[in-house]
Amino acid sequence: FFSPPEKSFEIFAGEKTEEGEMRMSYKDFLHAMTPYCYTPFFEDSEEYLKEHKPAILEKVDADGDGTISFTEYFFFLVLL
């Protein structure tokens with residue numbers, strides 16, 4: 001909660017592009033937003049989230065590529 005956005009993104013981002021840029025999957029993002037809420041949904045929800053994307057993920061993933069960049073993550077935190 002008190003860590004800077006760069007650190008929390010680094011902790012939860014689980015994907016890396018060919019250029020070395022860290023990215024968050026939808027599952028990573030939801031886990032980052034609710035770090036103290038464990039449910040089995042977080043374990044095997046990746047395919048479900050890609051097929052049935054909640055409206056909040058459509059807003060966060062501005063470019064619609066299926067992952068969340070640091071810029072998108074930071075912009076969401078500023079709005080939040």
Side-chain angles (χ1 to χ4, degrees):
F1 182 73
F2 295 109
S3 65
E6 298 86 0
K7 185 65 176 173
S8 61
F9 185 82
E10 180 183 313
I11 290 169
F12 290 103
E15 298 181 14
K16 192 178 270 194
T17 63
E18 293 176 4
E19 295 82 26
E21 179 187 9
M22 295 298 294
R23 308 284 288 190
M24 277 186 175
S25 67
Y26 293 155
K27 183 173 112 176
D28 295 336
F29 175 75
L30 292 175
H31 191 49
M33 292 293 105
T34 57
Y36 302 110
C37 176
Y38 173 79
T39 64
F41 177 76
F42 288 131
E43 295 303 317
D44 49 339
S45 62
E46 194 67 39
E47 289 303 317
Y48 178 81
L49 288 172
K50 289 201 186 250
E51 293 175 16
H52 310 329
K53 188 173 8 175
I56 188 69
L57 291 176
E58 291 177 1
K59 305 294 185 227
V60 175
D61 187 16
D63 58 3
D65 66 350
T67 60
I68 298 168
S69 67
F70 176 71
T71 306
E72 293 166 334
Y73 175 74
F74 186 72
F75 184 69
F76 176 78
L77 290 181
V78 168
L79 293 178
L80 184 64

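Source: prediction; values computed, not measured.
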TODO: Rounded to the nearest 0.5 Å, what's the gap from CD on Glu15 to CE on Met24? Could you check?
DONE: 10.5 Å
TODO: Treat each ILVMFWY residue as a node, draw an edge where side-chain heavy atoms are under 4.5 Å apart, and state whether Leu30 and Phe75 are in one component.
DONE: no
Open item on the list: Testing the basics here: between Ala62 and Glu72, what is the closest heavy-atom pair and its distance to 0.1 Å?
Closed with: N-OE2, 3.2 Å
- [ ] Calculate, to the nearest 0.5 Å, the distance between atoms OH and CD belonging to Tyr26 and Glu58 respectively.
- [x] 8.0 Å
Open item on the list: Just verifying a value: how many Å separate Phe74 CZ and Leu79 CG, rounded to the nearest 0.5 Å?
Closed with: 10.5 Å
- [ ] May I ask you to decide if the ring planes of Phe9 and Tyr73 are parallel, tilted or perpendicular, using 30° and 60° as cut-offs?
- [x] tilted
Open item on the list: Less than 4.5 Å apart, side chain to side chain, heavy atoms only: is that true for Glu6 and Phe70?
Closed with: yes
TODO: Output yes when a side-chain donor or acceptor of Asp28 lies under 3.5 Å from a complementary backbone atom of Ala13, and no otherwise.
DONE: no
TODO: Check the pair Ile56, Met33 against side chain to side chain contact (heavy atoms under 4.5 Å, CB included), reporting the backbone distance first and the verdict last.
DONE: CA-CA 12 Å; Ile56 188 69; Met33 292 293 105; over 6 Å; no
TODO: Determine the minimum heavy-atom distance between Gly66 and Asp61, stating which atoms define it.
DONE: N-OD2, 2.9 Å
